[in-house]
Novice: 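Following this message is one structure expressed as structure tokens.
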Amino acid sequence: MRTDPDRIRESQRRRGEDEKIVDSLIAADQAMRTARQHFDELRNQQKLIGKDIGPLQGQLKKADDAAKPALQAQLDGLMAKAQALAEETKAAELASGDAAAEAELLWLQIPNLVNLDSPVGGEADFTVIEHVGVPRDFAAEGFVPKDHLEIGEALSAIDVERGAKVSGSRFYYLTGPGAELEFALLNLAMDHARQHGLIPMITPALVLPTAMEGTGFLGQAAENVYRVESDDLYLVGTSEVPLAAFHSEEIIDVADLPKRYAGWSSCFRREAGSYGKDTRGIIRVHQFDKVEMFVFCDPANAEAEHANMLAWEKEFLDALELPYRVIDVATGDLGSSASRKFDIEAWIPTQDAYREVTSTSNTNEFQARRLRIRMRDGETTKPLATLNGTLCAMPRVIVAILENHQQADGSVMIPAALRPYMQGRTQLS
RNA sequence: GGAGGCGUCGCCUAGUCCGGUCUAUGGCGCCGCACUGCUAAUGCGGUUUGGGUUCAUCCCCAUCGAGGGUUCAAAUCCCUCCGCCUCCGCCA
């Protein structure tokens, strides 16, 4: 901000967001520094006077009667000066605090700087990086594919009606084979994570406001966050939040980086503003479970770590034998914390479309600054970089498996990689 | 939920009763230097974090769990909150 404000303006422009806020921020920062200096100066004076008062009182106590009036007068003078200064200092302290709060408020409103390689534009302006696998030709196989809900209900794997009865729309039960599928996916995902050196974690699903704010979810995404008002806690929409906040307020030696985790938690999303979208089945739901990868690293290595996570996501989907494409998400669709984001979209036959199943973001120092996570590099400390990536979001992966691996007789082939986690079974029927 | 104890700059710790010489004591660890065949030991110096200022050094401000208050002045007094420990109760 101080050395290269145009870089922020450029980022705002690419995101399609307000540029003028940068000028407001610079002004607020300058005002904060001026107020701070004023306060510092007054406080210094105050301390210098205070330092004389103590000893003088001591002298006064020990002095003989002849000397007392002079000392008393001197003391009164100092006290009067100190009293006047105290008032001025208190006012300056308040002004300094207000100015800092104002600058902070603006600072929190500015999303992360976009990576200049991200395609510019809105939700539809992503670029496709690659296609992997080939969607099945059901016509050639001689049958019309059923959608995941029809298959899931026939297999007694998914129950959305009772989900709605008990909890409302966008809730569901995974029953029998559906639940087994989730447990198998969880174990497969965690084995993958462990093989790549990620530390398995089970995280809290309720977090304090600081964790939510620090990860950038109370900005434009705030309407999708559940809040437990009576305790001032938030339900996380992803374990990215508790994983990021895990090291908040900490200073990590650069030699101990990178730190890589795989967190398992339930995720809660209000899905406000998506009424009428994906209302059938379990593509878009209020509660689901997810294995999320999270990395803390030196900013110099952030892009390499990002590539790692994308590779691990692909590897997982490859193991599930799902066709997918990888996209480079456009600037307008990054969310406030990401500077670059790659989504993987799996082929969903009955929608004749690719749908998001994973998302990996490089958030650089954005979350680390807000959560005060630093690294010690020799003499200096500075913010580190954080990155996150989905390893396995249960409902959507289950949808992809049911639809892509369905057979004409209504059964579903279990991908070979998953069989060891399902007692060796080869199909659900 | 009840009662009691506690929270000090990496770790341990002094200071809190009774406000000012606290510029927060000492030990351990760590870093640098000196001495030294090497290591060890010893000696000397340094070692919280954030901010302001500066080419840089210096210097200044804040920071003793957090936030308020009293005061010329708060680690120290008052209030609220948070966390940890012990015991009791309840509980998957």
Side-chain angles (χ1 to χ4, degrees), chain A residues 1-4 25-63 71-108 202-214 228-234 242 245-257 259 264-266 296 365-384:
Chain A
M1 167 189 63
R2 289 178 191 169
T3 58
D4 190 9
L25 178 61
I26 290 170
D29 180 61
Q30 187 53 56
M32 181 273 286
R33 281 192 282 173
T34 305
R36 181 83 212 204
Q37 278 173 50
H38 184 231
F39 164 62
D40 284 357
E41 174 58 29
L42 286 173
R43 175 72 98 201
N44 186 26
Q45 287 178 33
Q46 192 185 25
K47 285 171 102 169
L48 290 175
I49 293 175
K51 220 163 255 186
D52 292 334
I53 290 178
L56 200 56
Q57 281 176 333
Q59 282 179 45
L60 186 64
K61 230 174 247 173
K62 281 182 240 155
L71 284 170
Q72 185 65 52
Q74 203 183 338
L75 185 61
D76 289 348
L78 277 180
M79 288 290 264
K81 226 164 122 186
Q83 264 164 31
L85 201 54
E87 241 169 85
E88 209 183 333
T89 306
K90 190 151 279 184
E93 185 174 18
L94 280 176
S96 167
D98 288 349
E102 196 172 319
E104 173 82 3
L105 204 65
L106 286 166
W107 167 252
L108 285 175
I202 296 173
T203 68
L206 283 162
V207 298
L208 296 167
T210 48
M212 221 56 177
E213 180 70 68
V228 181
E229 204 166 335
S230 56
D231 296 281
D232 199 16
L233 289 168
Y234 292 93
F246 184 67
H247 285 299
S248 58
E249 312 278 341
E250 294 181 20
I251 300 173
I252 301 171
D253 196 291
V254 73
D256 295 328
L257 295 175
K259 286 187 176 291
W264 161 253
S265 83
S266 290
F296 300 83
E365 298 101 321
F366 182 83
Q367 294 177 333
R369 280 185 205 283
R370 291 161 169 240
L371 293 167
R372 282 175 283 282
I373 310 169
R374 289 151 289 173
M375 61 177 197
R376 189 186 309 284
D377 188 6
E379 294 294 293
T380 62
T381 64
K382 53 191 174 193
L384 45 69

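All heavy atoms count here, side chains included; hydrogens, waters and symmetry mates do not. Note that the coordinates shown come from a computational prediction; the quantities given were computed from them, not determined experimentally. A, B, ... follow the sequence lines: proteins, then strands. Residue 1 opens every chain.
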Novice: What's touching nucleotides 74-79 of chain B from the protein side, N or O pairs under 3.5 Å?
Specialist:
none

Novice: Does D40(A) have any salt bridge (Lys or Arg N to Asp or Glu O under 4.0 Å) partners at least two apart in sequence or in another chain, and if so, which?
Specialist: R36(A)
Novice: Measuring to OP1 and OP2 of U49(B), would you say a side-chain N or O of R376(A) lies under 4.0 angstrom away?
Specialist: yes
Novice: At a cut-off of 3.5 Å, list every protein nitrogen or oxygen paired with a nitrogen or oxygen from nucleotides 68-72 of chain B, distance to 0.1 Å.
Specialist:
residue: C72(B); atom: OP1; partner: Q83(A); partner atom: NE2; Å: 3.0

Novice: What side-chain donor-acceptor pairs closer than 3.5 Å can you find for residues 75-89 of chain A, not counting sequence neighbours?
Specialist:
residue: D76(A); atom: OD1; partner: Q72(A); partner atom: NE2; Å: 3.1
residue: T89(A); atom: OG1; partner: L85(A); partner atom: O; Å: 2.7

Novice: For K47(A), which contact category applies under a 4.0 Å heavy-atom criterion: base, sugar-phosphate, or nothing?
Specialist: sugar-phosphate
Novice: With both distances under 3.5 angstrom, what nucleotide forms a Watson-Crick or G-U wobble pair with C44(B)?
Specialist: G32(B)
Novice: Which is true for R2(A) with a 4.0 Å heavy-atom rule: it touches a base, it touches only sugar-phosphate, or it touches nothing?
Specialist: sugar-phosphate
Novice: Could you pull out all residues at least two apart from D232(A) that satisfy salt bridge (Lys or Arg N to Asp or Glu O under 4.0 Å)?
Specialist: R227(A)
Novice: Show me, pair by pair, the donor-acceptor contacts under 3.5 angstrom made by side chains of residues 93-108 of chain A, not counting sequence neighbours?
Specialist:
none

Novice: What is the nucleic acid contact for I251(A), judged by heavy atoms within less than 4.0 Å: base, sugar-phosphate only, or nothing?
Specialist: sugar-phosphate
Novice: What is the nucleic acid contact for R374(A), judged by heavy atoms within less than 4.0 Å: base, sugar-phosphate only, or nothing?
Specialist: sugar-phosphate
Novice: Partner lookup for G19(B), please. Criteria are Watson-Crick or G-U wobble with both distances under 3.5 angstrom; report none if nothing qualifies.
Specialist: none
Novice: Could you tell me which residues satisfy ring pair (Phe, Tyr, Trp, His ring centres under 6.0 Å) with H247(A), sequence neighbours excluded, listed by chain and number?
Specialist: Y261(A), F296(A)
Novice: Sequence neighbours left out, what passes side-chain contact (heavy atoms from CB on, under 4.5 Å) with P204(A)? Give chain and number order.
Specialist: P242(A)
Novice: Please tabulate, for side-chain N and O atoms in residues 44-56 of chain A, each donor-acceptor pair with protein atoms closer than 3.5 Å (sequence neighbours left out).
Specialist:
residue: Q45(A); atom: NE2; partner: E41(A); partner atom: OE2; Å: 3.3
residue: Q46(A); atom: OE1; partner: R43(A); partner atom: NH1; Å: 3.1

Novice: Would you measure the distance from the C1' atom in C60(B) across to the matching atom in U54(B) and give it in whole Å?
Specialist: 12 Å
Novice: Give a yes/no answer on whether the side chain of T381(A) brings an N or O atom under 4.0 Å of OP1 or OP2 in G50(B).
Specialist: yes
Novice: Between C44(B) and U49(B), how far apart are the two C1' atoms, rounded to whole Å?
Specialist: 27 Å
